[in-house]
Protein chains: 2
Amino acid sequence: MNNNTYYLFFTNLANPLKMDIIFCLRDKEKNVSEIIKECGVEQSKVSHALSSLKACNIVQVKQEGKERIYFLNKDTIVPMLKLIEKHANVHCKCKCCDNETCGRRKK
Amino acid sequence: MNNNTYYLFFTNLANPLKMDIIFCLRDKEKNVSEIIKECGVEQSKVSHALSSLKACNIVQVKQEGKERIYFLNKDTIVPMLKLIEKHANVHCKCKCCDNETCGRRKK
DNA sequence: AATACATATGAATTAGATTTCATATGAATA
DNA sequence: TATTCATATGAAATCTAATTCATATGTATT
């Protein structure tokens with residue numbers, strides 16, 4: 001294990017579309033067309049995002065006919081999101097991250 | 001809470017220097033000069049990195065004389081790093097993240 | 001009060017990740 | 001087997017965050 005492991009993992013998640021996809025898969029596995037429709041973005045964009053999420057095993061795939069069903073590997077990501085939620089509840093009561101307070105643009 | 005909260009948090013951590021700083025502060029609080037020396041990088045680089053980590057309350061500061069002592073807010077980041085470590089142990093036995101397998105450059 | 005030391009800040013540049021768009025692949029159906 | 005549907009892939013363009021470098025601020029020391 002080295003520092004690359006950690007920052008590359010974070011880099012993979014540092015993207016609003018990928019967050020959308022993760023939330024979209026939180027309750028139920030879905031094929032790409034469904035993800036596209038729910039997220040409301042262009043096909044190849046979703047495909048690229050899924051591809052890098054898959055590379056880090058954040059999502060996994062199975063083939064069913066001509067569809068590919070993506071599902072979330074919840075072991076890591078779900079507790080991780082909970083940690084952020086807790087963190088934000090404690091530290092971002094100022095609507096931080098929802099405005100400019102954290103020094104970053106929102107999407 | 002909205003998606004911005006999550007992806008902005010990850011964005012803040014998606015950087016090798018910031019990881020270095022976090023590891024550097026893991027056991028003991030340090031002033032900026034010490035961090036600079038340990039990480040072996042230029043001053044303003046460290047200052048900028050600390051500033052954005054502080055904006056998300058990942059680190060905190062206290063002033064002591066002319067020095068500023070930074071310390072880690074361990075509540076969120078330590079369990080988060082542990083999750084990644086566990087994830088990598090399960091999924092990256094291929095020296096993934098240490099080579100090109102995950103589809104990303106290392107630093 | 002002038003100087004030195006410690007650190008922060010701003011703006012231009014650079015680097016790296018996402019987007020876009022055209023095209024490829026692969027499974028099913030006619 | 002030709003066509004369609006579902007999805008992936010590659011490369012160029014675009015965006016965004018990190019880096020760089022010059023300068024500012026703030027605290028202590030003389």
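Computation of the quantities below employed the complete heavy-atom set of this structure, encompassing side-chain atoms and omitting hydrogens, waters and symmetry-equivalent molecules. Lettering follows sequence order; numbering is per chain, from 1.
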Visitor: Quick one, which residues of residues 21-41 of chain A touch DNA chain D with a heavy atom under 4.0 Å?
Guide: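 The stretch gives A:N31, A:V32, A:S33 as the residues lying under 4.0 Å from the strand, ordered by number.
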
Visitor: Is there a side-chain contact between B:N31 and B:Y70 in this structure, where contact means two heavy atoms from C-beta onward sitting under 4.5 Å apart?
Guide: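 No, side chains not in contact.
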
Visitor: Just the rounded figure in Å: distance from C1' of C:dT18 to OH of B:Y7.
Guide: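 Whole-Å distance recorded here is 12 Å.
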
Visitor: Does the side chain of B:K18 come within less than 4.5 Å of A:F10's, by heavy atoms?
Guide: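 No - every pair of side-chain heavy atoms lies 4.5 Å or more apart.
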
Visitor: Taking the side chain of A:L17 as heavy atoms from C-beta outward, which of D:dA17, C:dT19, D:dA8 is closest to it?
Guide: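 Of the candidates, C:dT19 comes closest.
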
Visitor: Please give, in whole Å, the distance from D:dT16 P to A:F10 CZ?
Guide: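 My rounded result for the distance is 22 Å.
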
Visitor: Within the side chain of B:N73, is there an N or O that forms a donor-acceptor pair under 3.5 Å with the backbone of B:N57?
Guide: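 Confirmed, B:N73 side chain pairs with B:N57 backbone.
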
Visitor: Summarise how protein sits on nucleotides 20-30 of chain D as a single string, 5' to 3': B when a protein heavy atom is under 4.0 Å from the base, S for sugar-phosphate-only contact, - for no contact.
Guide: BBB----BS--

Visitor: Under 4.0 Å from OP1 or OP2 of C:dT18: is there any side-chain N or O of A:K18 that close?
Guide: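 Yes, because at least one side-chain N or O of A:K18 sits under 4.0 Å from OP1 or OP2 of C:dT18.
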
Visitor: By the salt bridge (charged side-chain N to carboxylate O under 4.0 Å, His left out) test, which pairs, at least two apart or in different chains, include something from residues 68-92 of chain B?
Guide: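 Listed by first then second residue: nothing to list.
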
Visitor: Let's see if you can work this out: which of C:dA8, C:dT7, D:dA17 has an atom nearest to the side-chain heavy atoms of B:Y70?
Guide: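 Among the listed nucleotides, the one closest to the side chain of B:Y70 is C:dA8.
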
Visitor: How close or far is atom P of D:dT4 from atom CD of A:E67, stated in whole angstroms?
Guide: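 Interatomic distance, CD of A:E67 to P of D:dT4: 19 Å.
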
Visitor: With salt bridge (charged side-chain N to carboxylate O under 4.0 Å, His left out) as the rule and sequence neighbours excluded, what pairs involving residues 36-53 of chain A come up?
Guide: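 Residue pairs with at least one partner in residues 36-53 of chain A: A:K30-A:E38.
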
Visitor: What residues, two or more places apart in sequence or in another chain, satisfy salt bridge (charged side-chain N to carboxylate O under 4.0 Å, His left out) together with A:K62?
Guide: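 In terms of salt bridge (charged side-chain N to carboxylate O under 4.0 Å, His left out), with neighbours along the sequence ignored, A:K62 is linked to A:E29.
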
Visitor: Going by heavy atoms in the side chains, are A:L83 and B:L83 under 4.5 Å from each other?
Guide: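 Yes, close enough: below the 4.5 Å cut-off.
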
Visitor: State which residues pass ring pair (Phe, Tyr, Trp, His ring centres under 6.0 Å) with A:F71; sequence neighbours excluded, sorted by chain then number.
Guide: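 Not a single residue meets the ring pair (Phe, Tyr, Trp, His ring centres under 6.0 Å) criterion with A:F71.
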
Visitor: Tell me the interatomic distance from A:K54, atom NZ, to D:dT9, atom C1', rounded to whole angstroms.
Guide: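 So the NZ-C1' distance, A:K54 to D:dT9, works out to 12 Å.
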
